[in-house]
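In what follows, every chain begins at residue 1, and chains take the letters A, B, ... in the order their sequences are listed.
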Amino acid sequence: MLFNSWEFIGLFISTCLLYFNLPYKYRSSLLLISSYIFYISWRWDFAFVMLGVTLVNYYGGLKINESKTIKKKRNYLWLSIVLSLIPLLYLKYANFFIGNINNVSEIFDSQSRLTLLEVILPVGISFFTFQALSYSLDVYFGKTKVEHNVVNFAVFVAFFPQLVAGPIERSSNLLGQFREKHNFNRHDFIEGSKLFIWGLFKKVVIADRLAIYVDRIYENPDVYNGPTLAVATLFFAIQIYCDFSGYSDMAIGTAKILGFNLMQNFNLPYLSRSIAEFWRRWHISLSTWFSDYLYKPLGGNRVVYSRWLLNIFIVFLVSGFWHGANWTFIIWGFLHALYYVIESWGDKVLNWAKQTRIKQFNGYRISKMIVVFILVCYAWIFFRASSISDAYIISNKLIFDWSGNLYLGASTVSFVLCILLIIVLVFVQILQYNKVVSLYFSKSKIHSIGQLLWYVFLLLSVSMLGVSSNAFIYFQF
Amino acid sequence: MSKKSFALYIVLFLGLFITGDQVLHKVLIKGLNQYYGIDEPNEIALVGHSHLMLGLDKVRLEKALDKGISKYTREGVNVNDRLVMVRQLIDENPNLKTVIYGVDAWTFTGEGLSDNSYKLFYPFLDSPNIDEYVYNNSEKLEYLTKKHIKSSRYNELLLAGAVRGYFNKWDNLKFGELDTLKLKMEIDKGNYRKIANNEANITVFKETMALLMANDIKVVLLYVPTIDMLETIQKEEFDETIQIFKSQTNGDITFLNFQEPWSHRYELFFDPIHLNPQGQKKITDQLISFLKTR
């Protein structure tokens, strides 16, 4: 059940109507039922995995809270972590490890081969596992109160607006909201609807349209020349942003209509002037998750330099691996770690040479923005390519094969429309950056009639130019 | 926000959306009708898929014959779709006297053309014939969406078609020449579209001819050339299909086979079944000669 389907709209409207009219004590149960209906629409048996992870962390939280000694608390925390990660490791990563073991044994001419498992990855498993785990970790670190109401906790893990692709919420932000009484709020309804429409536009008009071109090129990258691959990579950078941030916007918008505040997940990442800034603006809920539960426990930056380097590489490699069980994702993570470290060296050199004033120049800022965007785009090649060899072909052709014409896809009209849509997106982002138009419920300087016309235009564009797609990219994670 | 201003906001939003939806539809459908010449009082109409679309130059024909011509050709339409297109033309244009119906060796082959080509007719859902056709072929939720949210009937290609209609831009050109060596290799590998005459499609085709006869409309079954290699490799099936077209001929139905002398002129083809601008010019001129002698 996708956000851009009538089935979802039906489920959402009926949930809203019931939610605001039911007595308070039944509301969490209603949200839980709606969330499981939403999840079961993919496959009913996936729900058992989610239920299992929920129960493990619910009881884990209780036990950590009840334990009197640190040692016991730590044991229960590790038990929660291990039990929560078993389904994820088995369903998502087992075949990756088996495949690699087979590759290694092939190198040593061994005849024995392990059989790949026939498993299907439950939608959004990485998201709800991390969300549930954050609760156990927060209870352990004393950042959140323990939840005694199992329904409230289950709906925290399964809350349908953000269940399958985030934002990965923290118990300190979301769990408490299920204990509050939410009444229908007209302002929230309008603001939530606006964000939903903007997210829908980014997803079905921009991302899904760009996907047609990107999929075609990335399917057989050896057939196309450098300019075509460069455009396909640029399109993918915009596609993945619009796909994922579009989903996040729709999630935050629908939750807002119900009276819940979810965390902001994107903050104009392609306008970043450094890789570090990019990661403060891209998939914020995951970046902060890794920062809080991996980077800081490893020592963060309060360690010797060599250890800090190691920490950076660990975090980015794990982040890459979180995205998918493929070496391409790991290399993607590695590249970002490399960028991060090289960037810190660059800053060090400027500081050492007492050239900090250079950072104030507009030209320097803009050129950094462009360089960061190009570096991020280059890393996307590994993220999108089916294999490392494909990524290598693309990298190679981007440098050495600039002969021939740019391939415009099956339809020139569609290609031109893609370019126009990117221009619209960039224009809106610049206005958001300059705080002229609203970004996640911030105040807009545009007159309310102008806003109204803009959202009517967006909805008409969705109606006319919306492309039907089967899924969101991040569902697979 | 007060209840009153909230209600006003919602009403205004929905009102603007519905108005925008209607206006967009009216503007686009007018452009599309103009592009396809559906509601224009032309005596001649061309009906077919991309094969005919790239095979004939409407403007050249009009200039030579000194009369308006409707070119209602759409990518991927099968015989069922063409029956709907013919019905639509008959409904909209009482002046119609001749239909030039594009045929080829795969006219009765089910595979290869779009299974969901009914979607091409969404913009014309207000016409009862089209409405029935789309209703019978689509999912109900999809049908209801298209029926009531009119802007959802369009996409960027139809938008481009409407714009072309307003600017009287009717050229359909694909530049380039066929790579015959590559085609030969593909044929050797068995990678070519097989001819498989389907009885149900033949029946629909005959029904179309009968409908045109019943409305006193003359028919020219026009075989715009396809490359000879595709004919040679399946000669028996090819001849069988040609025989079906021939069997339909009478005083009102003419079969015009342009396969020869053009099918071996590879420089005229963009791909095995579509002509390039050079080929389009040759075939259009030959059709003009035929129509002038009638």
Side-chain angles (χ1 to χ4, degrees), chain A residues 1 4-10 184-194 196-197 200 204-206 208-210 212-213 223 257 404-405 407-421 448-468, chain B residues 1-25 27-29 32 50 75-76 116 119 122-123 138-164 169 172-176 182:
Chain A
M1 193 186 293
N4 50 323
S5 68
W6 287 113
E7 289 84 355
F8 175 77
I9 290 170
F184 179 74
N185 182 304
R186 293 184 280 273
H187 179 262
D188 283 354
F189 176 83
I190 286 176
E191 292 306 312
S193 302
K194 281 179 184 173
F196 185 88
I197 292 171
L200 189 63
V204 302
V205 179
I206 305 181
D208 289 349
R209 174 161 280 96
L210 294 176
I212 299 168
Y213 184 85
V223 176
I257 293 170
N405 295 327
Y407 173 66
L408 299 179
S411 153
T412 311
V413 176
S414 299
F415 187 85
V416 171
L417 185 65
C418 287
I419 301 290
L420 288 175
L421 288 167
S448 56
I449 295 295
Q451 288 185 47
L452 193 76
L453 289 172
W454 168 244
Y455 286 102
V456 168
F457 165 77
L458 290 181
L459 205 54
L460 283 171
S461 303
V462 166
S463 166
M464 192 166 82
L465 300 173
V467 177
S468 307
Chain B
M1 184 180 261
S2 69
K3 264 187 185 174
K4 197 179 160 186
S5 49
F6 175 72
L8 190 70
Y9 196 92
I10 299 295
V11 168
L12 202 58
F13 183 85
L14 290 176
L16 281 169
F17 178 76
I18 293 165
T19 310
D21 187 57
Q22 292 288 339
V23 169
L24 213 54
H25 170 61
V27 170
L28 292 177
I29 198 71
L32 276 183
S50 57
E75 283 107 340
N116 56 1
K119 291 184 176 186
Y122 283 151
S138 58
E139 285 178 21
K140 297 300 156 269
L141 198 58
E142 182 189 9
Y143 168 78
L144 287 172
T145 308
K146 305 295 173 190
K147 182 81 183 160
H148 298 295
I149 305 175
K150 295 187 174 182
S151 52
S152 70
R153 300 174 184 179
Y154 298 87
N155 57 35
E156 68 258 39
L157 298 179
L158 289 164
L159 177 71
V163 172
R164 284 165 65 110
K169 217 172 153 358
N172 300 114
L173 305 170
K174 287 266 191 195
F175 294 93
K182 198 173 167 190

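Proximity to chain B is absent for every atom of A/Phe457, based on heavy atoms less than 4.5 angstrom apart. Interface remark: B/Leu24 contributes side-chain atoms only to the contact with chain A (heavy atom separation under 4.5 Å). In this structure, chain B has a heavy atom under 4.5 Å from the side chain of A/Leu417, while its backbone stays farther away. Interface remark: B/Ser2 contributes backbone atoms only to the contact with chain A (heavy atom separation under 4.5 Å).
From B/Phe13, atom CZ reaches atom CG of A/Leu459 across 5.0 Å, with rounding to the nearest 0.5 Å. For the atom pair A/Gln451 CD and B/Tyr9 OH, the distance stands at 6.0 Å (nearest 0.5 Å). Of the inter-residue distances, the one linking A/Ser463 atom OG with B/Phe17 atom CZ reads 5.0 Å to the nearest 0.5 angstrom. To the nearest 0.5 angstrom, A/Ser448 atom OG is 9.5 Å from B/Leu12 atom CG. Here B/Leu157 contributes atom CG and A/Ser411 contributes atom OG; the two are 4.5 Å apart, rounded to the nearest 0.5 Å.
Taking chain A as the reference chain and counting heavy-atom pairs below 4.5 Å, the highest number among B/Leu141, B/Leu159, B/Leu158, B/Leu14 is found for B/Leu141.
The number of heavy atoms from other shown groups lying within 6.0 Å of NZ (B/Lys119) is above 12. B/Lys3 NZ: 12 or fewer foreign heavy atoms inside a 6.0 Å radius.
Against chain A, the residues from residues 149-156 of chain B that qualify, each with a non-hydrogen atom under 4.5 angstrom away, are B/Ile149, B/Ser151, B/Ser152, B/Tyr154, B/Asn155, B/Glu156 in number order.
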